[in-house]
Amino acid sequence: MFYSTGPIFFGAVFTAAIWDYFFIPPHGTLSILNVEDIVIIMSFFVASVCMGILAFRIRQREQQLQAKLISERLYQVMFDSVSHELKTPLTAIIGSATVLEQEQKKFGSAHALTCQIAESAYRISLTIDNLLDFLRLNSGRLQLKKEWQDCEDFIKANLEQSQHVLTGHQIQLNVSDSLPLINIDFSFLSHAFVNLLFNAVRYSPAGSAIQIAAEQSDKNIIFSVSDCGPGIPSEHLVTIFQKFFRVPGSASGGLGLGLAIAKEIVEMHSGSVWAENCVGSGASFFMRLPVEPQPSFPSLGEA
Amino acid sequence: MAHGAKLLIVDDEYSICRFLEISLGADYFIFKAHTGMRGMQMVKDVRPDVVILDLELPDSSGFDVLKKIRAWSGVPVIVLTVRGNEADKVALLEAGADDYLTKPFSITELKVRIRGALRHASGQKINAVFELGPLKINFDARMVLLNECELKLTATEYDILKLLAQHAGKVVTQRHLMREIWGPEAIEHTHYLRIYIAQLRRKLSQEPSFQDFIVTEPGVGYRLRTIS
């Protein structure tokens, strides 16, 4: 730990000198005549150095706490206001668009345009979520709230919540029976999974199939999302998970954050993500989560 | 029943109020309040059938408004929140909110929640029989019929289904489920719930339209879907 030694040392010397001047005979001088006096003056010096250091440390600790408090408060205020200020107008846009959508089903082009408004707004909403996640992950303030969850439930709840983005695609689901429970932060890991889904939607032709699977392999559960898109150039299979990286020449749009966030969230769960090109066409994204020792379950024998 | 009910919107956001007014105005009488104070006053004056409450208000948090309303009124309250704060949602439900919606939401979702809230307010609990499409639950006989055939459930599965059915359409927090079924000391053992919900879903999915009958609200709880 670093102390500002100057003032502490100076203070100690100064007080020792004052003591010497007034209280060590001969009074009124700085001279020291015997060994006993040297010991006294030295112990006095040591004591004042210690007190100086202690005072300094207390002051420093106080300042740190204060700064932390302020930054935490600022962070929370910023977080709340960003999500409120951006999400509220989007709510009005999406809400209005969904009303129009229902009223206009008879008029083809107007209906299509309204769907477009809603879909675009949902996209902005997802981007905001990703930006907020990005901030959250970088803030070091994140704590996972883990609970035991059912894999199939996890996938289906996410499909349900992403319905509006998935409407243009055929979803094929293939979840193995009786998978073990996984110990995860449901809503946070959902962001990772939804990002993989959204990635598949964005980079594959409308109406094409997206296959979602979950199976156990040894002590892991492997979730996968496979699309019928153009696949990923093999030199980029790893780099696509880097922040702000986008495959050169790919369709515009996107910040290059979704996959990086997915990776980080899954790694916080002691898992991993990777991508592979499928035989033929398309890419598969995998999410591996370790199977932890299952919780005890006393009353399964119930009739 | 829904037609003509009084709806109070407590939100300072002009754009949201306007969109809600236009889209719900045909079915309900709409009242608006732009501050928490005004909202509480209007709950007293107007006696609305449902309150839609935004969490962020200029003069107070929607949380405080909710608590104050709950001190003297049982009017159904649907809270509008933003994503990412599951703990807040649970706290809201435990403080007496009837339901919540995460921004951005579609009007269809909101209409479903409003109908659900109105149905519960009209005191459906007294019924000894619950009916939803092909599903019938006779609470007195503890009997569940699916397409007129008896569905064999374990005691725990039945209790879970009963609790969800009594709140059909509304979210039931997992804490609530755990407390009611396994007792307060088991509240942390949420894996019990996962296993039983999975079993229950499997049994109910004999009926194809019940594939997604029990909806998971991530981090909050479960709800029975009342319309498909």
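Each chain gets a letter, A, B and so on, in the order the sequences are listed, and its residues count up from 1. Because only heavy atoms are used, hydrogens play no part in the values below, and waters and symmetry mates are left out as well, while side chains stay in.
Atoms OG and CD, from A/S187 and B/E217 in turn, are 12.0 Å apart once rounded to the nearest 0.5 Å. Note that CD1 of B/I195 and CD of A/Q294 are 7.5 Å apart. Values are rounded to the nearest 0.5 Å. Once rounded to the nearest 0.5 Å, the distance linking OG of A/S96 with CD1 of B/I107 reads 8.5 Å. With rounding to the nearest 0.5 Å, the separation of SG in A/C151 from CZ in B/R194 is 12.0 Å.
Considering all non-hydrogen atoms of both residues, A/Q161 and B/P218 come closest at NE2-CD, 3.8 Å. Across all non-hydrogen atoms, the minimal contact from A/T88 to B/E13 is CG2-CG, 2.9 Å. Considering all non-hydrogen atoms of both residues, B/F19 and A/A92 come closest at CD2-CA, 4.1 Å. Looking at every heavy atom in both residues, B/P104 comes nearest to A/T91 through CA-OG1, 3.6 Å. Between B/Y192 and A/S296, the closest heavy-atom pair is CE1-O, 3.9 Å.
When each of B/L80, B/T216, B/L110 is scored by its heavy-atom pairs under 4.5 Å with chain A, the top score falls to B/T216. Annotation: maximal heavy-atom pairing with chain B below 4.5 Å, among A/D153, A/L181, A/L90, occurs at A/D153.
Using a 4.5 Å cut-off between heavy atoms, B/Y14 makes no contact with chain A at all. Residue B/D11: no heavy atom, backbone or side chain, is found under 4.5 Å from chain A. No part of A/F154 comes within reach of chain B, as not one of its non-hydrogen atoms sits under 4.5 angstrom from that chain. Of the two parts of B/Q174, only the side chain, counted from C-beta on, holds a non-hydrogen atom closer than 4.5 Å to a non-hydrogen atom of chain A.
When atom types are taken as modelled, the side chain of B/S23 and the backbone of A/V99 share no donor-acceptor pair closer than 3.5 angstrom. In terms of modelled atom types and a separation under 3.5 Å, the side chain of B/H191 and the main chain of A/N183 share no donor-acceptor contact.
Shown here is B/R179, whose CZ atom has more than 12 heavy atoms of other residues, nucleotides or ligands within 6.0 Å. A 6.0 Å sphere centred on CZ of A/F134 holds more than 12 heavy atoms belonging to other residues, nucleotides or ligands. Counted within 6.0 Å of CD on A/Q143, heavy atoms from surrounding residues, nucleotides or ligands total 12 or fewer; the atom is thus considered open. Taking a 6.0 Å sphere around CE of B/M42, one finds it holds more than 12 heavy atoms contributed by other residues, nucleotides or ligands. Heavy-atom neighbours of B/R38 CZ from other residues, nucleotides or ligands within 6.0 Å: at or below the threshold of 12. B/E150 CD: more than 12 foreign heavy atoms inside a 6.0 Å radius. Counting non-hydrogen atoms of neighbouring residues, nucleotides and ligands closer than 6.0 angstrom, the NZ atom of B/K170 exceeds 12 such neighbours.
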Next item on the list: Check the pair A/E147 / B/E188 against side chain to side chain contact (heavy atoms under 4.5 Å, CB included), numbers first and verdict last.
Entry: CA-CA 9 Å; A/E147 275 180 343; B/E188 302 304 322; over 6 Å; no
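Between B/R225 and A/E160 there is a salt bridge, with a side-chain nitrogen of the basic residue lying less than 4.0 Å from a carboxylate oxygen of the acidic one. A salt bridge does not link A/E152 with B/R201: none of the charged nitrogens is closer than 4.0 Å to a carboxylate oxygen.
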